[in-house]
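Quick caveat, the model's predicted, so the values are computed rather than measured.
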Amino acid sequence: MEPSQHPTQPAFALDAEQLPFSTAMIQPDVASVTILERMTDAFFALDAAWRFTYLNAAAEVALGQQRADLLGRNVWEAFPEAVGSTFQREYERARATGQLALFKEYYSPLAKLFAVRAYPDADGLAVFFQDVTAQRQLTEQETALRDAAATQARLLDAVLDALPTGVAITRADGSGVRLNRAFRTIWGMDAPLPANTAEYGLYRGWWPNGQPIAADAWTMARALATGQPITDELITIMSFDGVRKVILNSALPLFDATGALIGGVNVMLDVTREQRLQEDLAARVQQLEGIFAAITDALLIYDAQGRIIETNPVARALLGINDQAEYEALPLMERAMARAARDLEGNPLPPDQLPPQRLLHGEILSGATSPDLLIQGPDGGDIILNVSGAPLRASDGAITGAIIIDRDVTERRRLELEAARQAALLEQAHEAMFVRTLNGTIVYWNQGATDLYGWTSADAVGQISHDLFQTRLAAAPEDHPTIVDALVAHTGIWTGELFHTTRAGARIIVASRQSLVNYGADERFVLETNRDITDRKQLEQEREAMLHSVAHELNTPLTSVKAQLQLMQRRAGRGEVVAPEQVGRVLSGVARMERLVRDLLDAARLETGHLTVTPERVSLRTLCQQAAEEQQAANERPITLALPAKDLFAEVDPERFVQVLTNLLSNALKYSPPATPVTLRLVRQGKQARISVTDQGPGIPQEAQAHLFERFYRVPDTVVQHGSGVGLGLGLFLVRRLVELQGGQVGVASTPGAGATFWVTLPLASVSASQTDRPTT
């Protein structure tokens, strides 16, 4: 090695991104690391035990080793050839005296000459160095190049101007010698060259607390006054062209060989952008801390070893953490034991099932994988936590920690158990019952709802009820059903009738009761109970129509009877004889009213189950003749009889069966032209008797035939061609029910435009010997 040298000024130039660093930056922050890594100067940091704690990329190149191989190692063990060299002496002197060490030294194992600056403090040493091997030759030629001092000065000027770091060189009295281009860029091209430190007052600057910087307080002035280097002072300046900037300011006094102060170097780095980024980062951190504190769930952050590094107020209250530092220092298993962490069956959790361990092994706990745990609360009672979280990863994917969110669901689980109990009761209900959110999303669906609507619970849950049912208000179909939601939310309850559509597409009317249910502190749902009243509403409509028809049908004969009676009264008053046909018309009107009233009473008895029949063995031939004769007399129209030669017998109520035949004949006569015949036929078909009534009227549309025997049904647009009134729609209904009560069946066969045939079949009372059905007229 060459003899060490202790130059009176730095023997190497600062790189574009370089700036002086204090030894407090042995463990640099992110911003400092960024600067160090961009420097072309090599840099490493040593702790108090001479171990490497940081190397930048340039140091790896200069030393020919990877930082991974050096970090944590003792420098003298890593470079044993440096023991006893100038490197060791200067480093130890810097540590011992606390003064900057500046020197050059040749290191033979690497065949390199290094220019070194070592900044000491109590925690270690920060070392900047450059490979200046090439400069060694220049050093050896210094004597020969003394006459080229002017050239070197110009070269220095050029180098200084090439540096992006602001550099000012001064004499011992503070007068300016040289300001490089970057310095003038920072301060503005009109920056003056001060004649002494007093003129430093021309430069405007402020300390971080906002106090102005006095002339004698500038970094360079203090370094010259104390003879000590001053590094990394963060200040704000106002350039001479009116721009405010943030500067990292350092100053280094220069001494000659005798130790006399000859001047100084002021180095400035514009860190305005970095400072603004740092301030923005600080603001974001503050925002995150505010959010962190405002979160209503317990939040804990763990490092890669499972140690808690941060908790929010809710977590500390929930877990009963009085001494955060003491609690966070406990190992994971001890914390679990302290809180008696168990599953919901009360079994202690094994270590690998503790949520932090699962997350640190790469699991994500959310949704279905988010477990419920029992822990001991601050008051000693058990609480249930729902735990969710995720691992924290570095940019390379390595797990660096985990974040956990604990939600106290003790009350919710209690409510859910209660809800489950209530749901079991609801499942037993016959009415359709379901629970939905205020916006209509179905969250519960009972069996009664499936029976009514056709959708299963799996089909319905998650659907919007109004969309699923195509809901409309029965009272005001033009209004949107959300008006009901608003009323329920405001008043807590609503009852009324709604139109709904089932899964099969049927449109039904339901009586609905909707009640607001509070679930916990913040959640509200609607319990909706619906009962199908479609048949009831239809019956009400039918009854209303029937009442209208009854009023109309009774009013017609009453009007006729009243008119006939008034006419008879006037004739009797005049002493005239009342004609028999007049009396007959009155009796006919009365008979019609009697028949209407009888039909109404029979329909009512059928509905209540009070209509009875008294079957007996009777001659069907005789009953057919009786019914035909009565209708011929009442309607003055011939009826053709087609009866078998041998009588047929059946077990029926004779009065009720004549009523059946009367209704069929009356219906045929009413809806067929007066000049056309109506035929009543009785035939044997195996073990049954078949009675049919055939007319030559307009026939019955196919779509109407399926409804003919329904209560109150009347074929639309049907014109009565004989007699008066279309009736109540009860005649054929009574025919069907009376025939069915007596063990028979009824039906119709009709082709529009070709008349209609109504038929009745009855079981015969006994099997007769073989006979031939010969119709007679």
Side-chain angles (χ1 to χ4, degrees), residues 7-29 31-46 53-54 56 58-59 90-91 93-95 97-103 115-130 163-170 174 180 182-183 186 197 200 203 205-208 213 216-237 245-255 261 263-272 274-275 278:
T8 59
Q9 60 182 11
F12 56 95
L14 291 173
D15 181 70
E17 297 296 331
Q18 177 190 332
L19 58 97
F21 284 82
S22 71
T23 54
M25 298 178 70
I26 289 176
Q27 292 182 334
D29 57 20
S32 299
V33 168
T34 301
I35 296 172
L36 289 171
E37 290 298 324
R38 294 175 61 185
M39 286 174 49
T40 58
D41 281 2
F43 171 83
F44 64 80
L46 303 173
T53 60
Y54 179 81
N56 69 356
E90 287 296 312
Y91 290 169
R93 183 187 66 79
R95 286 284 307 279
T97 64
Q99 294 185 354
L100 171 70
L102 292 170
F103 64 94
V116 181
R117 287 186 303 159
Y119 294 86
D121 72 359
D123 296 322
L125 203 63
V127 180
F128 293 83
F129 61 101
Q130 288 182 329
L163 291 174
T165 304
V167 178
I169 301 174
T170 69
N180 76 343
F183 190 94
I186 290 173
T197 55
Y200 289 0
Y203 290 79
W206 296 267
W207 298 112
I213 301 174
D216 58 356
W218 279 96
T219 307
M220 189 71 255
R222 288 166 28 234
L224 292 174
T226 63
Q228 298 294 322
I230 300 174
T231 59
D232 305 330
E233 290 189 334
L234 194 67
I235 62 173
T236 302
I237 68 165
K245 300 177 182 179
V246 180
I247 300 298
L248 199 60
N249 199 14
S250 299
L252 180 69
L254 302 177
F255 303 89
L261 180 68
V265 176
N266 190 188
V267 179
M268 289 189 172
L269 181 66
D270 186 349
V271 293
T272 306
E274 289 78 2
Q275 182 68 15
Q278 187 174 357

To check you understand the geometry: which heavy-atom pair defines the closest contact between [X] and [Y], and what is its length?
X	Y	value
A182	L163	CB-O, 3.2 Å
L36	F128	CD2-CE2, 4.4 Å
L46	T53	N-OG1, 4.2 Å
Y54	N56	CE2-N, 3.7 Å
L254	V265	CD1-CG2, 3.7 Å
G264	M220	CA-CE, 3.6 Å

Check whether any side-chain heavy atom of [X] sits under 4.5 Å from a side-chain heavy atom of [Y], and report yes or no.
X	Y	answer
K245	M268	no
L234	V271	yes
N249	W218	yes
R222	Q228	no
V116	E90	no
I186	I237	yes

If you round to the nearest 0.5 Å, how far is [atom2] of [Y] from [atom1] of [X]?
X	Y	atom1	atom2	answer
I230	L224	CD1	CG	9.0 Å
E37	M39	CD	CE	10.0 Å
W207	I235	CH2	CD1	6.5 Å
I35	E274	CD1	CD	6.0 Å

Output all residues satisfying ring pair (Phe, Tyr, Trp, His ring centres under 6.0 Å) with Y200, sequence neighbours left out; order by chain, then residue number.
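Per chain and number, Y200 pairs via ring pair (Phe, Tyr, Trp, His ring centres under 6.0 Å) with no residue.
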If we ignore hydrogens and angles and just use 3.5 Å, is the side chain of T236 paired with the main-chain N or O of V246 as donor and acceptor?
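No; judged by distance alone, with no hydrogens or angles, the pair does not exist.
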